[in-house]
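Lettering follows sequence order; numbering is per chain, from 1.
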Protein chains: 2
Amino acid sequence: MPRTSTKAAAPVRRLASDYRLEDQVGFLLRRAYQRASSNLVDRIGSYDLTAPQYATLARLYERGALSQNLLGRLVAMEPANIRDVVLRLKKRRLVATRRDPTDKRLILIDLTVAGTALVEQLIPIELACTARTLAPLKADERRVLYDLLGRLAEG
Amino acid sequence: MPRTSTKAAAPVRRLASDYRLEDQVGFLLRRAYQRASSNLVDRIGSYDLTAPQYATLARLYERGALSQNLLGRLVAMEPANIRDVVLRLKKRRLVATRRDPTDKRLILIDLTVAGTALVEQLIPIELACTARTLAPLKADERRVLYDLLGRLAEG
DNA sequence: CCGATATTGTTATGATCATAACGATATCCG
DNA sequence: CGGATATCGTTATGATCATAACAATATCGG
């Protein structure tokens with residue numbers, strides 16, 4: 001096994017500075033999200049579903065039929081992005097679309113029977129993934145984390 | 001102003017279930033990261049830099065020349081992804097590349113003079129963005145958040 | 001020394017993401 | 001009623017992301 005590679009040039013302190021990338025929230029959040037996402041994909045990946053796709057299905061399961069745009073907001077996706085996700089799910093017959101009879105702008109999205117069955121199968125798996133991601137934390141720490149993350153997202 | 005659109009079909013409780021998407025860490029982390037990233041892009045966007053690009057430059061500033069692969073690990077990017085980021089930064093003359101004389105597999109990446117100057121200009125802005133993202137939290141809460149996020153990322 | 005193994009970087013594929021510009025439809029307001 | 005304004009969905013562009021397969025190089029073990 002070759003050395004784990006630290007062969008590059010020696011560290012260079014250019015400017016005296018207390019700056020460290022590790023101290024930037026955005027960087028920490030990105031890595032934590034990578035971990036959570038990878039935990040999820042490890043398990044539901046065999047169903048060929050990504051985290052955003054699963055979130056979309058789960059939201060429809062909770063709320064029933066939604067317009068594409070509102071669905072996007074409820075899973076934190078831009079209109080252009082939720083469109084692509086819906087298209088892929090539709091191609092796999094997990095969701096169905098129809099036009100809103102009273103507002104011609106809207107496309108209503110809903111789970112198909114197959115989509116509903118899949119979500120019900122996936123929810124316990126997702127709960128296990130959440131538990132696995134949170135494993136390093138004690139119960140009270142988890143509650144604190146949820147509170148803090150929620151307040152960050154709200155701004 | 002049109003109604004804010006809740007026109008879709010009424011909520012449908014399908015299965016009695018305590019499941020809520022809001023209770024899944026992955027979803028919360030994704031939204032918090034969206035917020036932090038958007039805060040950053042709002043400020044450094046005028047420099048035409050994304051958050052990962054900035055992180056790459058910052059890491060090089062901290063550590064000096066690094067192999068492309070190691071650089072990728074230090075900013076949490078896969079080899080295929082760090083490659084693209086380096087290509088874009090190189091095209092803009094913010095980084096320069098050369099081959100490692102002793103290990104022909106390695107490509108050494110380093111900041112150019114222009115890249116170094118840009119990072120030094122951006123660091124205070126990034127610090128302000130971090131502060132802005134953390135604004136909803138008190139000082140002790142921020143410390144707790146850092147601790148929890150760090151432990152999540154480590155697994 | 002030399003074959004087995006590991007690492008580096010590349011290529012290809014497919015899925016997110018954000019942004020801006022656009023037409024169509026709906027609502028508001030004078 | 002009718003123009004100004006807002007919302008919905010689409011298109012286009014460019015940047016992340018993760019994964020798998022691959023050639024080249026380096027290291028290890030016998």
Side-chain angles (χ1 to χ4, degrees), chain A residues 1-8 26 30-31 33-42 45-46 48-56 66-73 75-92 97-109, chain B residues 1-8 26 30-31 33-42 45-46 48-56 66-73 75-89 91-92 97 99-109:
Chain A
M1 175 193 336
R3 169 185 25 62
T4 79
S5 110
T6 331
K7 173 171 288 184
R30 176 160 152 272
R31 288 204 305 184
Y33 174 63
Q34 281 178 345
R35 163 76 55 173
S37 182
S38 131
N39 278 347
L40 182 60
V41 172
D42 281 353
S46 54
D48 268 311
L49 275 188
T50 65
Q53 287 170 8
Y54 168 77
T56 302
L66 295 169
S67 79
Q68 181 172 285
N69 200 280
L70 176 57
L71 174 59
R73 285 198 297 275
V75 292
M77 284 199 251
E78 298 295 322
N81 303 329
I82 186 62
R83 175 183 174 272
D84 290 344
V85 171
V86 166
L87 279 181
R88 290 184 201 103
L89 296 176
K90 186 180 178 182
K91 187 180 302 178
R92 294 172 59 184
T97 63
R98 63 182 197 276
R99 304 217 68 106
D100 186 304
T102 71
D103 188 335
K104 295 180 186 173
R105 296 173 305 175
L106 304 186
I107 297 184
L108 296 181
I109 324 282
Chain B
M1 177 194 335
R3 169 183 28 60
T4 80
S5 114
T6 331
K7 174 170 288 184
R30 177 160 152 272
R31 288 204 304 183
Y33 174 62
Q34 281 179 344
R35 163 76 56 172
S37 182
S38 131
N39 278 348
L40 184 60
V41 172
D42 281 354
S46 54
D48 269 311
L49 275 189
T50 66
Q53 287 171 7
Y54 169 76
T56 302
L66 296 169
S67 80
Q68 181 172 287
N69 200 281
L70 176 57
L71 173 59
R73 285 198 298 274
V75 292
M77 284 200 251
E78 298 296 323
N81 304 327
I82 187 62
R83 175 183 175 272
D84 289 344
V85 171
V86 166
L87 279 181
R88 290 183 201 103
L89 295 176
K91 188 178 302 179
R92 295 173 58 183
T97 64
R99 305 216 67 107
D100 187 305
T102 71
D103 188 335
K104 294 181 186 173
R105 298 171 305 174
L106 306 186
I107 297 184
L108 297 180
I109 324 280

**Asked** Is the closest side-chain heavy-atom distance between B:Thr56 and B:Met77 below 4.5 Å?
**Response** yes

**Partner residues of A:Tyr54 under the side chain to side chain donor-acceptor pair (under 3.5 Å) criterion, sequence neighbours left out** = B:Tyr19

**Prompt:** Is there a side-chain contact between B:Leu49 and B:Arg92, using heavy atoms and a 4.5 Å cut-off?
**Reply:** yes

Name every donor-acceptor pair, under 3.5 Å, that has one atom in a side chain of residues 35-42 of chain B and the other anywhere in the protein, sequence neighbours excluded.
unit_1	atom_1	unit_2	atom_2	d
B:Arg35	NE	A:Ala153	O	3.2
B:Arg35	NH2	A:Ala153	O	2.9
B:Arg35	NH2	A:Glu154	O	3.1
B:Asn39	ND2	B:Thr133	OG1	2.9

**Prompt:** Partners of A:Lys90 by side chain to side chain donor-acceptor pair (under 3.5 Å), sequence neighbours excluded?
**Reply:** A:Thr97

**Asked** Using the C1' atoms of five pairs at each end, what's the angle between the two axes of the helix from C:dC1-D:dG30 to C:dG30-D:dC1, to 10 degrees?
**Response** 30°

**Prompt:** Can you find a heavy atom in the side chain of B:Leu108 that is under 4.5 Å from one in the side chain of B:Arg99?
**Reply:** no

**Fill in**
5' to 3', nucleotides 9-17 of chain D under a 4.0 Å protein heavy-atom cut-off (B base, S sugar-phosphate only, - none) gives SBBB--SBB

**Asked** Does A:Val86 offer a backbone N or O that forms a donor-acceptor pair with the side chain of A:Gln68 under 3.5 Å?
**Response** no

**Asked** Can you name the side-chain contact (heavy atoms from CB on, under 4.5 Å) partners of A:Glu78, sequence neighbours left out?
**Response** A:Asn81

**Message:** If I take atom CG in residue A:Asp48 and atom P in nucleotide D:dA18, what distance separates them, rounded to the nearest angstrom?
**Reply:** 18 Å

**Asked** How close or far is atom P of C:dT11 from atom CD1 of B:Ile82, stated in whole angstroms?
**Response** 16 Å

**Request:** Calculate the interatomic distance between A:Asp42 atom CG and D:dA18 atom C1'; express it in whole Å.
**Result:** 11 Å

**Message:** Rounding to an integer number of Å, can you tell me how far A:Asp103 CG sits from D:dA6 C1'?
**Reply:** 12 Å

**Value in whole Å for how far the P atom of D:dT27 lies from CG of B:Asp100** = 10 Å

